[in-house]
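Here the structure is a predicted model, which is why all the values come from computation and not from measurement. Sequence lines set the chain letters: A, B, ... in the order given, protein chains first and strands last, and positions in each chain run from 1.
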There are 2 protein chains.
Amino acid sequence: MNIRPPTLSQVAARAGVSVKTASRALNGEPYVSRATGRRVREAADELGYRLNGLARELRTGGTSALVGLISGDLANPFYSAVASGVERELRRHGLLLVTVNNDEDAQLERSLAEALLERRVRALLIVPSGDGVIGGHDVPLVFLDRPPVDHAADSVLIDNAGGARSAAQHLLAGGHRRIALVADLLRTASQRARIDGFAAAMRAAGNPEWEPYLRTDVHDAATAERVVGELLAGPEPPTALFTTNNRLTTGALRALRGRARPPALVGFDDFELADVVGVTVVAHDMTELGRAAARLAYERIGGHTGPPRTVVIPTTLIARGSGERPARP
Amino acid sequence: MNIRPPTLSQVAARAGVSVKTASRALNGEPYVSRATGRRVREAADELGYRLNGLARELRTGGTSALVGLISGDLANPFYSAVASGVERELRRHGLLLVTVNNDEDAQLERSLAEALLERRVRALLIVPSGDGVIGGHDVPLVFLDRPPVDHAADSVLIDNAGGARSAAQHLLAGGHRRIALVADLLRTASQRARIDGFAAAMRAAGNPEWEPYLRTDVHDAATAERVVGELLAGPEPPTALFTTNNRLTTGALRALRGRARPPALVGFDDFELADVVGVTVVAHDMTELGRAAARLAYERIGGHTGPPRTVVIPTTLIARGSGERPARP
DNA sequence: TTGAAAGCGCTAACAG
DNA sequence: CTGTTAGCGCTTTCAA
């Protein structure tokens, strides 16, 4: 366990050749005679030799085969879907994914970025926890889901405003006026965009009646459950609900469970079993979000220069029943 | 973008000291005068210097701060919960998690393990895709969810047999006799253990009537949906269903949707919204599974020797309605 | 087709 | 308190 693994020079010695020849043989370079190549490979096998990627990378340019992803907890299906897409795309190019959880803390995020950069990751993908500034580096940076503050950089965003607008319009079309909006932390740009999109649609439809039912900075399912319960317990409860991410939709569903006449519900983010539960959602391809980000990063790694690019992932409203419940007067 | 980042010796030169002094200053070692320390740090800031972890690690022992996790797709909530637990625990110790997806392919798994070992990960955590042998290394190995074949190693397992037995007993207690068992790939030991536990309980209860309703190697939700549909369409349909993982439970729920008199259902693995949908499950703490594995790995990294250990994560049956539907004659 | 020497960026060991 | 020398394991010259 604690003995050092065999080195190339040990292999070379055993095969009776120089280190360089051993190196050539094991890397499949040309100009190695068949016999020598075989001898080296045998020696390597006997010793259980494995290349030392650290040394190689140090020598060949000081950068690793690693790409870092900083996001929220992988236990959240949104982040894990993104990570899955990123990993898939990276693997195609022989790159490895290092995932770290920022715990939604901007300061931790910065120090994690620092740790990853010390490890000489080839690129850094970030789902920013808030408005932490990370720029000023020589490593390609790609922002996911939320645009970078303060400086331009490649990013992949969801059509947040458009998606929220479609949800709003869908509910308006169902005859709803008193529509509650339950949103997550205002400090994330994606949440603000969703709220703005919703508000814009309401304004366009000349409906101000939703305003008393706006609840923001609701950050977990339990709080969402409570908030929705309170909204419905009021004297003039909303006839419809729009929740701005999967966690909040989950909480709302818990609050609605068992109610005789539940309000209409549309949630941002699709989720497993939404079809079974019959929840109308604003869906978007989270895995593709990750893939697109990895692609942008890979192009930069490959030397692409040019102005920052932004990819926007479209949204689709999927009607499954909950969003089509009629307004009651 | 392509200029080499500044090195320690550049910092040293700028600060007018030797490399070693610069190294000491930046690593917070003792025996550096205040003034020198300040000068070095200033020089580093001006140059935008960042330590090169690759070089450091090569020098200090040839191993990185990385731990590898090889598992199925992170898009599956089981794997992402595990990864979340692993990452949390590793982060406490300043270790970084590299996640790779084996695509359920034993050969890919081996080559990924090889790639990670070349990067000199400090430990390797594996949720084996099947019966691929990975042993024979000098790096700590921990197996998750499925025991290693062929050689002893640390592992963290779920009480598969016990959980399946409790599901079986629960359904038997509800008066069911014709109980369908829908299981995933037989080549994974965890699936076999679940089937065995179920079968043992049936045998103990003297009930052979489930046997015609055994379906195995059902690997995705769509297939599960179809299989369950077929089971229920038969002349003498089962009155209850046991699905052996979250994907299959999802499929079963889709098949059951809208049925007037659905059979009872118990699923292995808890999942988001199981409470909302009212699904009785055999639950277990997947995040803790990951944490425990990371802990075992960390102890080995720290030099712990001794025989392989096995941690078993207990299961709990959570009754939520679907598993309590009575048997109809 | 092969090898010797140099050095990637850092730290350990030993002087001063 | 600070500096010098050596070398981690590999690849890149350049020469044989």
Side-chain angles (χ1 to χ4, degrees), chain A residues 2-41 43-44 47-65 115 117-122 138-139, chain B residues 2-41 43-44 47-65 115 117-122 138-139:
Chain A
N2 275 324
I3 48 147
R4 286 288 190 104
T7 72
L8 187 58
S9 69
Q10 288 173 37
V11 173
R14 183 172 188 113
V17 298
S18 76
V19 255
K20 180 59 220 186
T21 301
S23 167
R24 276 196 270 257
L26 295 175
N27 286 307
E29 286 175 35
Y31 302 120
V32 179
S33 78
R34 282 179 148 279
T36 314
R38 205 168 34 69
R39 274 223 315 292
V40 172
R41 254 167 282 118
L47 260 43
Y49 174 74
R50 176 176 305 121
L51 228 139
N52 185 333
L54 249 39
R56 178 214 286 258
E57 286 160 355
L58 175 60
R59 181 63 244 236
T60 55
T63 89
S64 71
L117 290 168
E118 277 192 7
R119 255 91 211 175
R120 292 299 190 262
V121 291
R122 306 270 301 251
D138 43 356
V139 168
Chain B
N2 275 326
I3 48 148
R4 286 288 190 104
T7 71
L8 187 57
S9 68
Q10 289 173 37
V11 173
R14 183 174 189 113
V17 297
S18 76
V19 258
K20 180 62 215 184
T21 300
S23 167
R24 276 195 271 257
L26 295 175
N27 285 305
E29 284 175 37
Y31 303 122
V32 179
S33 79
R34 284 181 145 278
T36 314
R38 205 168 36 68
R39 274 222 316 291
V40 172
R41 254 168 280 120
L47 260 42
Y49 173 75
R50 175 176 306 121
L51 230 139
N52 185 332
L54 248 39
R56 179 216 285 262
E57 285 161 356
L58 176 60
R59 179 65 245 237
T60 55
T63 88
S64 70
L117 291 169
E118 277 192 6
R119 256 89 210 176
R120 291 299 190 262
V121 291
R122 306 270 301 252
D138 43 356
V139 168

Check your understanding: CD of B:Gln10 versus C1' of C:dC8: gap in Å, rounded?
Key -> 13 Å

Practice item. Report yes or no: does B:Thr60 contribute a side-chain atom to a donor-acceptor pair with the main-chain N or O of B:Arg56 at less than 3.5 Å? Key: yes

**Study point:** Steps toward side-chain contact (heavy atoms from CB on, under 4.5 Å) verdict (A:Leu54, B:Arg59)
**Key:** CA-CA 10 Å; A:Leu54 249 39; B:Arg59 179 65 245 237; over 6 Å; no

Point to revise | Distance test, side-chain N/O of A:Thr21 to OP1/OP2 of C:dT1, below 4.0 Å | key: no

Exercise for review: Start with the C-alpha gap between B:Leu8 and B:Leu51, add the side-chain angles, then the distance that decides, and say whether side-chain contact (heavy atoms from CB on, under 4.5 Å) holds.
Suggested key: CA-CA 8 Å; B:Leu8 187 57; B:Leu51 230 139; over 6 Å; no

Exercise for review: Check whether any side-chain nitrogen or oxygen of B:Thr36 sits under 4.0 Å from OP1 or OP2 of D:dT2, and answer yes or no.
Suggested key: yes

Exercise for review: Grab the CZ-C1' distance between A:Arg39 and C:dG3 for me, whole Å please.
Suggested key: 14 Å

What are the atom names and distances for every N/O pair under 3.5 Å that joins the protein to nucleotides 9-12 of chain C?
from: C:dG9; atom 1: OP1; to: B:Arg4; atom 2: NH1; distance (Å): 2.8
from: C:dG9; atom 1: N2; to: B:Ala55; atom 2: O; distance (Å): 3.4
from: C:dC10; atom 1: OP1; to: B:Tyr49; atom 2: OH; distance (Å): 2.3
from: C:dC10; atom 1: OP1; to: B:Asn52; atom 2: N; distance (Å): 3.3
from: C:dC10; atom 1: OP2; to: B:Leu8; atom 2: N; distance (Å): 2.3
from: C:dT11; atom 1: OP1; to: B:Asn27; atom 2: ND2; distance (Å): 3.3
from: C:dT11; atom 1: OP2; to: B:Ser23; atom 2: OG; distance (Å): 2.8
from: C:dT11; atom 1: O2; to: B:Arg59; atom 2: NH1; distance (Å): 2.8

Review point. Does B:Arg14 use its side chain to pair, donor to acceptor, with the backbone of B:Ala43 at less than 3.5 Å?
Key: no

Exercise for review: For the pair B:Thr21 (side chain) and B:Val17 (backbone), establish whether a donor and an acceptor sit closer than 3.5 Å, ignoring hydrogens and angles.
Suggested key: no

Practice item. Could you check A:Glu29 against A:Lys20 for side-chain contact (heavy atoms from CB on, under 4.5 Å), going step by step and ending with a plain yes or no? Key: CA-CA 11 Å; A:Glu29 286 175 35; A:Lys20 180 59 220 186; 4.1 Å; yes

Point to revise | Whole-Å gap separating C1' (C:dC14) and OH (B:Tyr31) | key: 15 Å

